[in-house]
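To start, the structure itself, in structure tokens.
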There are 2 protein chains.
Amino acid sequence: MTGFDRGADGVPQHGGNEIPALAPRQLEAYFALQEGASLLQQQIEQHLRTEGDLSLVQFHILMRLRNGTPTTMTELADGIVHSRSGLTYQAGLLEKSGLITRAPSPDDERATLVTLTDKGRTTIATVLPGHVQVVRRLLFDLLPDEDLDDLGRIMGRVRDHIRAEPPRSRGSRAT
Amino acid sequence: MTGFDRGADGVPQHGGNEIPALAPRQLEAYFALQEGASLLQQQIEQHLRTEGDLSLVQFHILMRLRNGTPTTMTELADGIVHSRSGLTYQAGLLEKSGLITRAPSPDDERATLVTLTDKGRTTIATVLPGHVQVVRRLLFDLLPDEDLDDLGRIMGRVRDHIRAEPPRSRGSRAT
DNA sequence: TATTGTTATACTCTATAACTATA
DNA sequence: TATAGTTATAGAGTATAACAATA
């Protein structure tokens with residue numbers, strides 16, 4: 001993860017180019033973000049798989065159902081998985097494992113209402129403490145409160161900005 | 001991505017539990033990091049795929065070879081892909097596309113030296129400006145210099161900490 | 001006609017284990 | 001024996017398009 005254009009003195013070069021390279025400070029932040037977030041996610045996924053036999057997506061689905069409110073597939077798909085078929089696949093696995101149930105909605109016969117089962121709730125209760133431990137150990141124990149606030153503010157801004165962006169070279173938002 | 005344990009007033013609850021839930025500020029930072037980094041990566045991957053027909057891993061491999069130094073598979077594998085077979089697969093794709101070449105090392109006949117081809121170099125030159133544009137648009141244009149430095153410092157710390165951790169419940173480091 | 005969801009299908013990617021060849 | 005790399009294989013996950021049912 002090195003080698004972006006820059007001179008020997010660390011200053012970006014752009015002779016006749018239109019798009020100058022990133023500044024060293026930008027590179028550093030970019031790489032640190034990508035690698036740090038990636039490593040963190042890997043550890044989290046490993047824990048969820050080991051302790052609860054869950055993928056990260058499945059964990060997100062369960063967490064979303066946690067308040068007890070039956071939720072449609074479309075609502076679940078928003079922000080978790082890109083395609084609806086992908087969600088159908090994951091929900092199928094969760095249902096096969098007995099962690100959720102699916103039933104037609106009374107309001108709209110087209111819709112499927114997904115509900116967390118007792119077993120699903122138990123699974124969350126089993127996995128969540130360790131999950132929190134992992135995040136705490138790898139993230140929060142390292143960061144003073146000020147850094148915590150900065151991180152939340154900065155990445156919240158990034159998240160909101162990308163979410164608000166019009167989809168680039170894509171047909172529509174809903175897939 | 002909501003629903004972690006907390007009371008109605010936003011304060012973590014832990015009646016008789018051993019592991020208290022995360023504080024709201026922690027949750028916020030955690031979610032913002034996960035979602036922000038994930039969205040950013042998705043956009044980057046989409047660009048690389050669209051403009052250069054490259055996966056993120058392939059892009060990383062090319063970037064790593066960019067200084068012209070022939071590199072062994074093991075050296076490449078460090079930090080890019082988890083398993084060696086995974087790297088063999090990706091390198092196979094890159095070689096088939098003519099972006100790299102593989103040849104036995106003169107020093108160690110067991111080792112494979114990977115070298116960037118002219119076509120590979122051209123591909124990087126084609127993709128990199130747009131890549132930089134994407135990162136700039138989605139990340140740097142949003143952040144004042146101070147935030148940039150904070151982000152790099154914080155995530156650099158997270159990265160280094162996780163990297164330094166002993167592997168949890170895993171046989172060995174090299175897979 | 002539009003929307004909800006599923007299915008069939010193909011594809012990408014990853015990991016494990018067995019294997020070859022060299023050190 | 002240990003290491004570098006490949007291969008065979010299996011499995012997880014995703015997306016696209018076609019489809020059925022309902023609004």
Side-chain angles (χ1 to χ4, degrees), chain A residues 38 41-42 45-46 48-50 52-61 70-97 100-115 167 169-175, chain B residues 38 41-42 45-46 48-50 52-61 70-97 100-115 167 169-175:
Chain A
S38 171
Q41 183 166 313
Q42 282 171 28
E45 285 182 333
Q46 188 191 326
L48 290 174
R49 181 59 70 187
T50 303
D53 198 33
L54 291 174
S55 71
L56 188 59
V57 172
Q58 289 164 7
F59 178 67
H60 286 163
I61 293 175
T71 308
T72 66
M73 295 292 284
T74 296
E75 285 165 349
L76 279 180
D78 287 344
I80 289 188
V81 148
H82 296 150
S83 64
R84 275 171 314 177
S85 66
L87 182 65
T88 296
Y89 171 76
Q90 294 290 346
L93 293 181
L94 288 173
E95 190 174 42
K96 206 187 311 178
S97 304
I100 64 169
T101 56
R102 283 185 287 186
S105 166
D107 303 334
D108 184 340
E109 290 275 335
R110 295 172 304 178
T112 296
L113 284 181
V114 183
T115 311
S169 70
R170 269 239 161 181
S172 94
R173 183 165 296 272
T175 56
Chain B
S38 171
Q41 184 166 314
Q42 283 171 27
E45 286 182 332
Q46 188 189 326
L48 291 174
R49 180 61 70 190
T50 304
D53 199 32
L54 291 174
S55 70
L56 188 58
V57 173
Q58 289 164 6
F59 178 66
H60 286 164
I61 293 175
T71 308
T72 67
M73 295 292 285
T74 296
E75 287 165 348
L76 279 180
D78 286 345
I80 289 187
V81 148
H82 296 151
S83 65
R84 275 172 314 176
S85 66
L87 181 64
T88 296
Y89 170 76
Q90 292 291 343
L93 292 181
L94 288 173
E95 191 174 42
K96 206 187 312 178
S97 304
I100 65 170
T101 56
R102 282 185 287 185
S105 165
D107 302 335
D108 185 340
E109 291 276 335
R110 294 171 304 179
T112 297
L113 285 181
V114 184
T115 311
S169 70
R170 268 240 162 180
S172 94
R173 183 165 296 273
T175 56

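First the proteins, then the strands, lettered A, B, ... as listed; each starts at 1.
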Just to be sure I understand the rule, does B:Thr112 reach a base, reach only the sugar-phosphate, or reach nothing, if contact means heavy atoms closer than 4.0 Å?
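Result for B:Thr112 = sugar-phosphate.
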
Any base atoms under 4.0 Å from B:Leu93, or only sugar-phosphate, or nothing? Heavy atoms, all strands.
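B:Leu93: backbone/sugar contact only, no base atoms under 4.0 Å.
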
As a test of reading the structure: which of C:dG5, C:dT14, D:dG5 is closest to the side chain of B:Thr72, going by heavy atoms?
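Nearest to the side-chain atoms of B:Thr72, counting from C-beta on, is D:dG5.
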
Which one, C:dA15, C:dT4, D:dT14, comes nearest to the side chain of A:Ser83?
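It is D:dT14.
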
A:Leu54 vs A:Asp107, nearer the 5' end of DNA chain D by closest nucleotide:
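It is A:Leu54, whose closest nucleotide lies nearer the 5' terminus.
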
Need to verify one output field. Residue with the more 5' nearest nucleotide on DNA chain D, A:Pro106 or A:Val57?
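Of the two residues, A:Val57 wins.
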
When you check the phosphate oxygens OP1 and OP2 of [N], does a side-chain N or O of [X] lie under 4.0 Å from one of them?
X	N	answer
A:Arg102	C:dT6	yes
A:Arg49	D:dG13	yes
B:Gln90	C:dT12	no
A:His82	D:dA15	yes

Tell me, please, which residues at least two apart from B:Ser55 pass side-chain hydrogen bond (donor to acceptor under 3.5 Å, both in side chains).
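side-chain hydrogen bond (donor to acceptor under 3.5 Å, both in side chains) list for B:Ser55, sorted by chain: empty.
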
By salt bridge (charged side-chain N to carboxylate O under 4.0 Å, His left out), which residues pair with A:Asp78, not counting sequence neighbours?
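Result, salt bridge (charged side-chain N to carboxylate O under 4.0 Å, His left out) vs A:Asp78: none returned.
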
